[in-house]
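Being a predicted model, the structure only gives us computed values, none of them experimental. All ligand and atom numbering here is 1-based and tracks the order in the structure. The first residue of the sequence shown is numbered 1, and numbering continues consecutively from there. These values consider heavy atoms only, across backbone and side chains, with no hydrogens, waters or symmetry-generated copies.
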Amino acid sequence: MPEEHHYDLVVVGGGPAGSSAAYAAAKNGIKVALLEKENSIAETVRTSGVTWIQNIKEFGIPDDCFNPIKNFSFCSPNNEVTISDTIPRAAVLDVRKTYRWLANEAEQCGVDVFVKMNIKNVIKNEKGDIVGVNGVGPNGETTFHSKVVIDASGFQSTVCKAMGFVEQWERFGAGAEYEMKAEHVDSETWWLMVGQEYSPAGYAWIFPLGNNIVRIGVGVGKPESNVDPTQRLKEIIDKKLGPIKKLGKLTEVEFHYGLIPNDGLSRKTVFNNLIIVGDSAGQANPLVLEGIRYAIKFGRVAGKVASDAIKSGKTDKEALYPYENNWRKEIESKINSARKVQDRWIGLTDEEWDKELDIIKELKPEEFIDFIKADFGLSNMIKLATHHPKLAVRQLFNLVKGKT
Ligand SMILES: Cc1cc2nc3c(=O)[nH]c(=O)nc-3n(C[C@H](O)[C@H](O)[C@H](O)COP(=O)(O)OP(=O)(O)OC[C@H]3O[C@@H](n4cnc5c(N)ncnc54)[C@H](O)[C@@H]3O)c2cc1C
């Protein structure tokens, strides 16, 4: 007999978006199941885990989940810049610890977490609206009935694909990374490495985690380049290219690989009885393809809106729309601005990258952070585009805000 469960809300995917949605919904008093296909939450790490201390504090993530970063170094084939801040504002997460903390917060609020639960299909009512999901769990075929489903399955977008609402992402980033023990590490400094040899459409990175551990990775934009990021990563480590050389002897700890959508905010994210959040919704900052803080933030919004709708007895797309309205208001224009910079960056030659670093050099730490976070407030952009003492910076921000 297939196993059957009944919940108010089912959340598919135990990543940051799913755990955060489940947490906010259960906190609002409804019965929630969180379904994760792996053997445990964050069994496989598919991210580099860079985020921002301000957001970490806002979410209540404990201090022992991250390594603080104060200095931001960039290198291109013939140029180098370090922007040093007075206090650390960025962070490299212990991804497993953080994601497990998020899921544990949900569990503490009453969420039932099901691991080894691989969701494969959807259940629809006579109108064609989703009313549950099914898949394979530890006891075989398992069905979950629910009033609302949240698709937080990440890049795969399992639920909205099974509903026939979306196709595979066309533009995306593929990233490969080794977590390594290194001989010499400046634990407060991250490196972004740009130019053809690092990545023909993307960048490479060194992110320190503390205790002499670093994540060294390569990200490649698809379909712009057919370079295999794993192969390229091995090559740059073998050659000890650029700042990798300074790390001294390297010993592998773990390998990570992942895909992240880069199609912008092209998807609708609410349907009758269904919300899509996190990578499933394409909610990533395109400049450096970071999405963890959006996944947590809008996961919580999704959980709150879904649970309010369930409590009101009305769960159609109009009732769920406040979620889409919330994230669009908050990030849509910023992400559109960031895409303009990304379009510029993706086509740069090595010589042009060398010059681009000269522009980045002119930014004050807080300007740099707003820039790399894609936190382009209109008044800030106008200020930088009109009043910055350097012409090149004014030109860059004119481009970002849309003037040619
Ligand atoms: C190489 C790389 C580096 C990155 N670096 C950064 C970074 O430094 N900083 C940053 O902010 N972002 C980074 N990102 C992006 C970031 O990882 C994502 O934006 C973020 O993980 C999105 O969270 P999510 O919960 O939506 O999806 P995910 O983290 O992908 O979680 C989805 C979960 O759903 C589960 N799942 C999938 N299908 C099913 C199914 N059928 N049934 C049940 N469970 C299922 C998965 O196992 C997974 O646990 C990076 C991405 C990549 C690929």
Side-chain angles (χ1 to χ4, degrees), residues 10-22 33-52 55-56 66 69 90-93 95-96 98-100 102-103 113-122 133-137 142 144 149-162 172-178 190 192 199 202-205 207 209 215 217-220 222 229-230 233 255-262 276-299 302 372-374:
V10 159
V11 181
V12 178
S19 290
S20 306
L34 176 64
L35 317 181
E36 168 55 50
K37 71 175 175 186
E38 296 202 311
N39 295 314
S40 58
I41 298 290
E43 182 185 30
T44 309
V45 172
R46 301 184 195 85
T47 181
S48 308
V50 163
T51 195
W52 309 95
N55 299 105
I56 288 177
F66 65 92
I69 300 291
V92 184
L93 293 170
V95 174
R96 236 174 235 125
T98 307
Y99 285 14
R100 286 177 182 170
L102 291 167
V113 179
F114 294 78
V115 292
K116 302 182 192 167
M117 187 58 70
N118 190 359
I119 295 308
K120 293 179 181 282
N121 222 328
V122 290
V133 293
N134 57 36
V136 179
T142 312
F144 291 84
V149 174
I150 294 184
D151 185 351
S153 60
F155 187 87
Q156 298 308 331
S157 321
T158 308
V159 178
C160 48
K161 255 193 218 151
F172 58 93
E177 171 183 271
Y178 281 110
W190 88 19
L192 294 180
S199 172
Y203 63 98
W205 60 86
F207 296 145
L209 266 90
R215 297 196 182 118
V218 167
V220 178
K222 306 282 174 189
T230 310
L233 175 62
F255 177 70
H256 305 153
Y257 185 88
L259 305 174
I260 177 167
N262 187 22
I276 302 170
V277 68
D279 275 7
S280 291
Q283 290 162 341
N285 160 15
L287 269 189
V288 279
L289 291 177
E290 53 126 352
I292 296 171
R293 66 191 152 107
Y294 294 154
I296 299 173
K297 185 166 206 164
F298 301 123
I372 208 81
K373 278 182 84 175

- Query: What is the ring orientation for Phe207 with Trp205, classed by angle as parallel under 30°, tilted 30 to 60°, or perpendicular over 60°?
  - Reply: parallel
- If you measure from each non-hydrogen atom of Leu259 to ligand 1, which part falls under 4.0 Å: side chain, backbone, both or neither? backbone
- Task: Would you kindly specify which portion of Leu289 sits under 4.0 Å from ligand 1, judged on non-hydrogen atoms: side chain, backbone, both or neither?
- Result: backbone
- Check each atom of ligand 1 against the heavy atoms of Ala17 and keep those under 4.0 Å away; list them by number with element. 24 (P), 25 (O), 26 (O)
- Heavy-atom proximity to atom 36 (N) of ligand 1 ranks first, among Gly299, Ser153, Ser40, for Ser153
- Where does Glu290 meet ligand 1, judged by heavy-atom distances below 4.0 Å: at the side chain, the backbone, both, or neither? both
- Under 4.0 Å from a heavy atom of Ala295: give me the atoms of ligand 1 that qualify, with their elements. 23 (O)
- min-distance protein heavy atom vs atom 7 (C) of ligand 1 -> Val50 N, 3.4 Å
- Query: Are the side chain of Lys222 and the backbone N or O of Ala174 linked by a donor-acceptor pair below 3.5 Å?
  - Reply: no
- If you scan protein heavy atoms around atom 53 (C) of ligand 1, the nearest is Gly258 C, 3.2 Å
- List every atom of ligand 1 that sits less than 4.0 Å from any heavy atom of Met117, numbering the atoms from 1 in the order shown and giving each element. 42 (N), 43 (C)
- Task: Quick one: sort the Phe255 and Tyr178 rings into parallel, tilted or perpendicular, breaks at 30° and 60°.
- Result: tilted
- Applying a 4.0 Å heavy-atom criterion (strictly less than), which segment of Ala284 is in contact with ligand 1: side chain, backbone, both, or neither? neither
- Message: Checking contacts here: is it the side chain or the backbone of Arg46 that comes within 4.0 Å of ligand 1, counting heavy atoms only? Could be both or neither.
- Response: both
- Could you list the atoms of ligand 1 found under 4.0 angstrom from a heavy atom of Gly175? 1 (C)
- Heavy-atom distance to atom 27 (O) of ligand 1: which of Ala21, Pro261, Gly154 wins? Gly154
- Proximal atoms of ligand 1 relative to Tyr99 (non-hydrogen, under 4.0 Å): 21 (O)
- Message: Less than 4.0 Å is my threshold; does some heavy atom of Glu177 fall inside it relative to ligand 1?
- Response: no
- Which residue and non-hydrogen atom of the protein lie closest to atom 45 (C) of ligand 1, and at what distance in Å? Lys37 CG, 3.8 Å
- Under 4.0 Å from a heavy atom of Gly278: give me the atoms of ligand 1 that qualify, with their elements. 26 (O)
- Message: What protein heavy atom lies closest to atom 5 (N) of ligand 1? Include the residue and the distance to one decimal.
- Response: Ser48 N, 3.1 Å
- Task: Taking only heavy atoms of Gly15 into account, list the atoms of ligand 1 that are under 4.0 Å away from them.
- Result: 25 (O), 31 (O), 33 (C), 49 (O)
- Query: Any side-chain heavy atom of Val12 sitting closer than 4.5 Å to one from Phe144?
  - Reply: no
- Message: Under 3.5 Å between any N/O of Glu36 and any N/O of ligand 1: does that happen in this structure?
- Response: yes
- Between Leu35 and ligand 1, which part of the residue brings a heavy atom under 4.0 Å of the ligand: side chain, backbone, both or neither? backbone
